[in-house]
Amino acid sequence: MRLLVVGSGGREHAIAWKLAQSPQVEKIFVAPGNAGTALEAKLKNIPITSIPDLVSFARQEKIDLTVVGPEVPLTDGIVDAFQASGLRIFGPTRNGARLEGSKSFAKAFMLNHGIPTAACETFDDAAAAHRYIDRHSLPVVIKADGLAAGKGVVVAQTADEAHAAVDAMLVDNKLGAAGAHILIEDCLEGEEASFIVLSDGKNVLPLATSQDHKRLRDNDEGPNTGGMGACSPAPIITSDLHDKIMQEIILPVIRGMAQQSQPYVGFLYAGLMISPQGEIRVLEFNCRLGDPETQTIMLRLKSDLFILLDHAVNGTLGRESIEWDEQVALCVIMAAQGYPDSPRKNDIIHGLDSVMATQSHSDEFHVFHAGTARSSTDPTKIVTS
Ligand code: AMP
Ligand code: GLY
C-alpha cells in the first residue's frame, strides 16, 4: 500500500512512524513532513500543502489511503475534495469537522443531543457581550467561535481581562474571522483529560486515554503552550468514568452526527473537565488526534494502525478491537529557546545522532520531531525552525 500523511508536526511524525510498521505498507509520503519524518524508513517528505495539489499528487502516485493530521485541512474540506475525486481518505468531512471548526455549532449540537458542557451565550455585538460580562460571575471564559491556533480561549480571572478579550476579538479583530463571533462560557473547575476515539461513522473504538501538560514550566506555572508533554493513560479516567464518557458523550455524538446524515468518520477528540465530584463536561471537541497526546498513544498501540484506519474508511470497524501496551507512555517536549512567544530559529539540536542509534534497537522510546529543519549552512545538522 502507498499512503499519504498530511501534516508536519510531532503528531504526524508519530502517525506516519506507526503506519510504517504495518507489513502492508510499502511507502508513505508525508506532506510536507519535517526533518524527523525525513529520517524514517519508508517515509518520504513532499513539499505540498494546498488541497488541489494534494489531490493531484494522490492521483498521480496512486495513493491507496490518505490520513490527515491537523484540523485546518479538515475544516477546509480536504476529505470532501478527495472523495469527490474518488480517492480514499481517512478523516471527517467539512461538515463533521465543524465540531472543532465552529464552537457555536459544537455547543448547539451538544445542547440538541443532551451532551454535558458549560453553559454559554454567543455574541457578535461587543456592547451586548460587555453587558453580559458585567452580570456574570468570575472567572469567565471568552472563546472565539472559529479556529485560532490555540489563541482563541481566554479564561478571565477579572472583569477587566474579560472585557479586554471581548474587545480584542469583536472590536480589534485580533483573530480575524475566527473571532467575529464569540462565546462567553461558565468557567468549569476540575482536572482536564483527553478522550479520543476512532469512528467509522457508526462503530466506535476508544483509544488509550491521555493527558497533556500545557503550562511552560514545572508545577503548572508559566504561560500556556502547544503542550510541553503528555502521558497515557490519564490516571484520572477510571474504568467507571470511561464507561460514562462513552455513554454520555462519545456515543451520543456519533449517533447524533449519523442522525443528521453526516456520519462522522475519523478521530474524535473530546477535551473534558472532570469535576472533583466526578461530573464530566465537554470543554471542546477536536476533529483529529491531539498533539502531543498522539506521541504517547502511538507508543502504546500494539495493533496495526493501517488496518484500523482502512476498516474505518470501509465502515467495518465493528469487528475490530485495539490492543494496547500496558506500560505507561510519557512524552517530554524539548522546545526551542524562547518558546512559546518567540522561539529562536537555527539553533543546532545536539545529541540526535546518538539517540537515533539507540532507538533503532528499542521499541521503548522514540524521538518525534516538530519545528525542526536541516541546517541550510551545514546539512549534517538539524536545527530549530
Ligand atoms: P478549548 O480550546 O475550548 O479546549 O480551550 C482551551 C483550554 O481553555 C482548555 O484546555 C481549558 O484549559 C480552558 N477552558 C476552555 N473552556 C473552559 C471552561 N469552560 N472552563 C474552564 N476552562 C476552560
Ligand atoms: N493537545 C491539545 C490538542 O491537540 O488540541
Side-chain angles (χ1 to χ4, degrees), residues 1-49 51 53-54 57-58 61-74 78-79 82 87-91 196 198 207-208 210 226-227 230 232 266-267 269 286-313 322 325 329 331 333 352 355-356 359-360 362-363 365-374 382 385:
M1 294 287 162
R2 293 160 67 75
L3 311 189
L4 172 62
V5 170
V6 176
S8 66
R11 167 183 51 208
E12 289 76 30
H13 187 171
I15 293 171
W17 167 78
K18 192 68 210 175
L19 286 169
Q21 290 172 10
S22 170
Q24 295 195 37
V25 172
E26 173 199 328
K27 180 161 195 165
I28 304 176
F29 296 96
V30 190
N34 61 41
T37 51
L39 298 171
E40 300 281 357
K42 294 194 196 176
L43 269 49
K44 184 175 166 40
N45 287 351
I46 46 158
I48 299 180
T49 51
I51 293 176
D53 291 349
L54 289 165
F57 179 85
E61 290 290 335
K62 305 206 169 5
I63 298 294
D64 297 294
L65 179 67
T66 296
V67 179
V68 187
E71 62 278 16
V72 171
L74 292 167
I78 189 171
V79 169
F82 270 61
L87 293 161
R88 296 180 77 240
I89 184 165
F90 171 77
I196 310 176
L198 168 62
L207 303 187
S210 56
S232 172
F267 292 113
Y269 170 136
N286 293 321
C287 60
R288 48 158 177 91
L289 286 171
D291 193 340
E293 292 95 321
T294 304
Q295 290 83 314
T296 59
I297 291 171
M298 291 302 146
L299 270 173
R300 295 187 58 214
L301 177 59
K302 286 168 71 177
S303 311
D304 183 320
L305 181 61
F306 168 71
I307 291 180
L308 289 170
L309 301 189
D310 202 49
H311 276 295
V313 172
I322 308 188
D325 193 324
C331 169
I333 304 287
L352 281 174
V355 101
M356 298 254 314
Q359 84 183 6
S360 62
S362 169
D363 56 7
F365 73 98
H366 202 86
V367 175
F368 298 114
H369 288 224
T372 62
R374 277 261 157 228
I382 291 178
S385 92

Item to complete: Taking all non-hydrogen atoms of both residues into account, name the closest pair between S303 and K18 and its distance.
Response: O-CE, 3.9 Å
Worksheet item: Quick one: does L309's side chain get under 4.5 Å of V313's, heavy atoms only?
Response: no
Worksheet item: Nearest 0.5 Å, what's the CD1-CD1 distance between I196 and I297?
Response: 4.0 Å
Item to complete: Check for a donor-acceptor pair, side chain of N34 on one end and backbone N or O of G371 on the other, with a separation under 3.5 Å.
Response: no
Worksheet item: Considering only heavy atoms from C-beta outward, does the side chain of F90 approach that of L198 to under 4.5 Å?
Response: yes
Discussion item. Donor-acceptor pair, distance only, cut-off 3.5 Å: does the side chain of R2 make one with the backbone of E61?
Written reply: yes
Worksheet, complete the sentence: Scanning both residues in full, the closest heavy-atom pair of A38 with N45 reads CB-ND2, 3.6 Å
Item to complete: Rounded to the nearest 0.5 Å, what's the gap from CH2 on W17 to OG1 on T294? Could you check?
Response: 12.0 Å
Fill in: Beyond-backbone contact of I89 with V68, side-chain heavy atoms, under 4.5 angstrom
yes
Worksheet item: Are any of the side-chain heavy atoms of Q295 and L299 separated by less than 4.5 Å?
Response: no
Item to complete: State, yes or no, whether a side-chain contact exists between H369 and I382 at a heavy-atom distance under 4.5 Å.
Response: yes
Worksheet item: How about L19 and K42: do any of their side-chain heavy atoms sit closer than 4.5 Å?
Response: no
Discussion item. Do D310 and R88 have side chains that approach each other closer than 4.5 Å (heavy atoms only, starting at C-beta)?
Written reply: yes
Worksheet entry | Shortest non-hydrogen contact between I333 and P292, atoms and distance | CD1-CB, 4.1 Å
Worksheet entry | Residue of the set M356, M298, E40 for which side-chain contact (heavy atoms from CB on, under 4.5 Å) holds with H366 | E40
Practice prompt. Kindly determine whether L87 and T66 satisfy side-chain contact (heavy atoms from CB on, under 4.5 Å), including the steps that lead there.
Written response: CA-CA 8 Å; L87 293 161; T66 296; over 6 Å; no
Item to complete: Find the distance between CG (L54) and CZ (F29) and round it off to the nearest 0.5 Å.
Response: 12.5 Å
Item to complete: Decide yes or no on side-chain contact (heavy atoms from CB on, under 4.5 Å) for E12 and T37, but give the supporting numbers first.
Response: CA-CA 9 Å; E12 289 76 30; T37 51; 5.9 Å; no
Worksheet item: Can any side-chain N or O of N286 pair as donor or acceptor with the backbone N or O of R288 at less than 3.5 Å?
Response: no
Worksheet item: Counting only heavy atoms not in K302, do more than 12 sit closer than 6.0 Å to its NZ atom?
Response: yes
Worksheet item: Where do L4 and A31 come nearest, in terms of heavy atoms and distance?
Response: CD1-CB, 4.0 Å
Worksheet item: Under 4.5 Å between any side-chain heavy atoms of L207 and F267, yes or no?
Response: yes
Worksheet, complete the sentence: Taken to the nearest 0.5 Å, the spacing of K62 NZ from F57 CZ works out to 12.0 Å
Worksheet item: Which distance, rounded to the nearest 0.5 Å, do you find between the CD1 of I28 and the CD1 of I46?
Response: 12.0 Å
Practice prompt. Looking only at non-hydrogen atoms, find the nearest pair between A329 and R300 and report the distance.
Written response: CB-CG, 3.6 Å
Response to the item:
Separation between CG (D64) and NZ (K27), nearest 0.5 Å, reads 13.5 Å
Worksheet item: Please walk me through it: do L65 and M1 pass side-chain contact (heavy atoms from CB on, under 4.5 Å)?
Response: CA-CA 8 Å; L65 179 67; M1 294 287 162; over 6 Å; no
Worksheet, complete the sentence: Scanning both residues in full, the closest heavy-atom pair of S232 with T296 reads CB-OG1, 3.5 Å
